[in-house]
Q: 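Structure in structure tokens, see below.
Throughout, numbering of the chain's residues begins at 1 and tracks the sequence.
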Amino acid sequence: MPFSGIMPHMNMHLRLPDDVHTRLKAAAEEDGNSVNSEAVTAISDYLARRQTARAREVAARIAERDAELLARLAE
């Protein structure tokens, strides 16, 4: 199915502790966003950082495993 320019979405209820909701609401107001938009941004940012951290871990394991080969290639 071709991209229509409309992002698909799903509805969900998210139970937040009061203190987290208060901080999220304050951040949304500060940024001029809705609470929903601020939550989507926060979740997206977290997932991007998580993926980046995983990639670094994999790269470190590969570098450790192939240290000798990498050293020879650097010569």
Q: Could you tell me if the side chain of Val58 sits less than 4.5 Å from the side chain of Arg54, heavy atoms only?
A: no
Q: How long is the span from the CG atom in Leu70 to the CZ atom in Arg65, to the nearest 0.5 Å?
A: 9.5 Å
Q: Let me check something: do Leu69 and Ile62 share a hydrophobic cluster, defined by ILVMFWY side-chain heavy atoms less than 4.5 Å apart, either directly or through other members?
A: no
Q: How many angstroms lie between CG in Leu16 and CZ in Arg23, if you round to the nearest 0.5 Å?
A: 10.5 Å
Q: What closest approach, in Å, do Asn33 and Glu38 show between heavy atoms, and which atom pair accounts for it?
A: ND2-OE1, 2.9 Å
Q: Do you reckon Tyr46 sits in the same ILVMFWY cluster as Met10, going by side-chain contacts under 4.5 Å, direct or chained?
A: no
Q: Could you grab the distance from atom CD of Glu64 to atom CZ of Arg61, nearest 0.5 Å is fine?
A: 9.5 Å
Q: State, to 0.1 Å, how close Ala28 and Ser34 come at their nearest heavy-atom pair, and which atoms those are.
A: CB-O, 3.6 Å
Q: Which residue in the set Asp45, Leu47, Val40, Thr41 passes side-chain contact (heavy atoms from CB on, under 4.5 Å) when paired with Ile43?
A: Leu47
Q: Within a reach of under 6.0 Å around CG of Asp18, are more than 12 heavy atoms found that belong to other residues, nucleotides or ligands?
A: no
